[in-house]
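Just below is one structure, and these are the notes that go with it.
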Amino acid sequence: MPLPTPDFWEFPKPQRSTCLLTDDGSLTTSRLAQLLIQRGWQVVVISLPQSLVAQQPPLPPEVNRLLLTELREEYLQQQLELVLGTYGSIEAFIHLHPVTQELHNNRFSYLKAEKAILKYVFLMAKHLKTSLTQAAHQGRSSFLTTAHLDGEFGLGGKIDFGVIGGGLFGLTKTLNLEWQGVFCRAIDFSPELDPETTAQAVMTELYDPNSLILEVGYNSEGRVTLVSETPMAA
């Protein structure tokens, strides 16, 4: 179902609120970090091991990069505790999922890297739960994920895509049920969209006052969501 552009809610937040942003290896990370800074956020970018995301785009000078070098959960937990100890609470987490699928002879080569990234996001959610749920008592806290299926949740039937990133939708919708007060949203971007469009759309969703919509897609035709069809009477 097509969706209009949402209203923009400048929700109250602590003066130096912190957003944790995962690096997808593209200029979307750079542009989104800049937009967040312009809205008064402290931004910490988590760059995953280069075995998972090879590229590291340049960042604005105000942004700190946390470069992860290992895959162990204990190591990830230590690094997140370091961020929390430095910046205090985390009010927002945004995962930018890289476009990692490859096509070979019209069949997908499902990359182990994408599976590892998905697992990493699940672990980040586990260790950010306390900070995000506590921040929700002081104002809005947010958990956003992005994927690159086809901009229509894999239902468009127009382009090929890898399905592994679809697991982010299940995670985000589950957290919406379990984390009371945390604004949760999963976004599906068509891989054809450019970094500027993608970054602007993430900001649009972050500041949407409507917390009832859990998943949104973006493609060349605009903004959409899923609705269930009512069966026709016999």
Side-chain angles (χ1 to χ4, degrees), residues 9-24 29 32-49 52-53 59-60 62-97 116-147 167-187 199 202-203 205-209 211 213-215:
W9 177 34
E10 188 70 77
F11 50 82
K13 63 181 187 298
Q15 185 174 4
R16 293 185 62 80
S17 296
T18 301
C19 176
L20 197 60
L21 173 65
T22 59
D23 183 358
D24 70 348
T29 301
L32 180 55
Q34 185 63 55
L35 292 173
L36 288 165
I37 290 170
Q38 292 172 2
R39 283 286 165 187
W41 290 89
Q42 295 185 118
V43 181
V44 179
V45 169
I46 290 188
S47 290
L48 299 174
L52 302 182
V53 180
L59 299 175
E62 305 94 328
V63 173
N64 288 318
R65 186 194 299 273
L66 176 62
L67 178 59
L68 301 182
T69 59
E70 300 182 25
L71 298 176
R72 295 181 300 111
E73 180 180 355
E74 295 80 6
Y75 171 76
L76 174 63
Q77 182 179 4
Q78 291 170 1
Q79 296 306 304
L80 291 177
E81 289 175 351
L82 177 63
V83 172
L84 291 169
T86 303
Y87 296 94
S89 65
I90 303 295
E91 284 78 23
F93 171 75
I94 303 174
H95 170 63
L96 298 179
H97 199 66
I117 292 171
L118 185 64
K119 180 180 178 180
Y120 243 52
V121 179
F122 273 71
L123 293 175
M124 287 185 195
K126 173 182 176 181
H127 295 292
L128 290 174
K129 173 184 177 181
T130 299
S131 182
L132 289 174
T133 54
Q134 288 179 352
H137 295 300
Q138 308 301 321
R140 175 180 256 188
S141 69
S142 305
F143 184 96
L144 274 66
T145 61
T146 73
L168 294 166
F169 295 89
L171 169 64
T172 306
K173 289 187 285 187
T174 299
L175 295 182
N176 181 71
L177 295 173
E178 296 181 352
W179 292 2
Q180 185 175 5
V182 178
F183 176 77
C184 297
R185 182 158 295 175
I187 313 168
V202 173
M203 292 296 291
E205 300 305 321
L206 178 64
Y207 283 88
D208 183 4
S211 61
I213 298 175
L214 301 181
E215 49 192 358

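Considering CD1 of Ile187 and CD of Glu205, their distance stands at 5.0 Å, rounded to 0.5 Å. Note that CG of Leu80 is 7.5 Å distant from CG of Leu66, once rounded to the nearest 0.5 Å. Once rounded to the nearest 0.5 Å, the distance linking CH2 of Trp179 with CG of Asn176 reads 11.0 Å. Atom CD of residue Glu91 and atom CG of residue Leu132 lie 8.5 Å apart, to the nearest 0.5 angstrom. A distance of 11.0 Å separates CG in Leu128 from CD in Gln77, rounded to the nearest 0.5 Å. In this structure, the separation between CD on Glu81 and OG on Ser131 is 12.0 Å, given to the nearest 0.5 Å.
Each of Ile90, Asn64, Ile46 was compared with Val83 under the side chain to side chain contact (heavy atoms under 4.5 Å, CB included) criterion, and only Ile90 meets it.
With a 4.5 Å cut-off on side-chain heavy atoms, Val63 and Leu21 do not count as touching. Between Tyr120 and Pro49 the shortest side-chain heavy-atom distance falls below 4.5 Å.
Annotation for His97 and Asp24: closest pair C-CB, 4.0 Å, computed over non-hydrogen atoms. Val121 approaches Phe143 most closely through the heavy-atom pair CG1-CZ, 4.5 Å. Closest heavy-atom contact between Leu168 and Ala147: CD1-CB, 4.3 Å. Smallest separation of non-hydrogen atoms from Leu68 and Leu76: CD1-CD1, 3.9 Å.
A donor-acceptor contact under 3.5 angstrom links the side chains of His127 and Glu73, judged on distance only. Using a 3.5 Å distance cut-off with no hydrogens or angles, the side chains of Tyr75 and Thr69 do pair a donor with an acceptor.
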| Verdict with reasoning, Gln134 to Thr130, per side-chain contact (heavy atoms from CB on, under 4.5 Å) | CA-CA 6 Å; Gln134 288 179 352; Thr130 299; 3.4 Å; yes
| task | Please test Leu144 against Phe93 for side-chain contact (heavy atoms from CB on, under 4.5 Å), starting from the C-alpha separation and ending with a verdict. | result | CA-CA 6 Å; Leu144 274 66; Phe93 171 75; over 6 Å; no
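Partners of Thr174 by side-chain hydrogen bond (donor to acceptor under 3.5 Å, both in side chains), not counting sequence neighbours: none found. In this structure, the side-chain hydrogen bond (donor to acceptor under 3.5 Å, both in side chains) partners of Ser47, at least two apart in sequence or on a different chain, are Asp23, Arg65.
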Show every donor-acceptor pair shorter than 3.5 Å between a side-chain atom in residues 33-45 and any protein atom, with sequence neighbours excluded, or say none if there are none.
| from | atom 1 | to | atom 2 | distance (Å) |
| --- | --- | --- | --- | --- |
| Arg39 | NH1 | Glu10 | OE1 | 2.5 |
| Trp41 | NE1 | Tyr207 | OH | 2.9 |
| Gln42 | OE1 | Arg16 | NE | 3.2 |
| Gln42 | OE1 | Arg16 | NH2 | 2.7 |
| Gln42 | NE2 | Arg16 | O | 3.1 |
| Gln42 | NE2 | Thr18 | OG1 | 2.9 |

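Side chain of Thr133 to backbone of Lys129: a donor-acceptor contact under 3.5 angstrom is found. The closest donor-acceptor contact from the side chain of Thr145 to the backbone of Ala186 lies at 3.5 Å or more, if one exists at all. Between the side chain of Thr22 and the backbone N or O of Leu96 there is at least one donor-acceptor pair closer than 3.5 Å. The backbone N or O of Leu206 lies less than 3.5 Å from a partner atom in the side chain of Arg140, making a donor-acceptor pair.
A salt bridge between Arg185 and Glu215 is absent, with no side-chain N of the basic residue lying under 4.0 Å from a carboxylate O of the acidic one.
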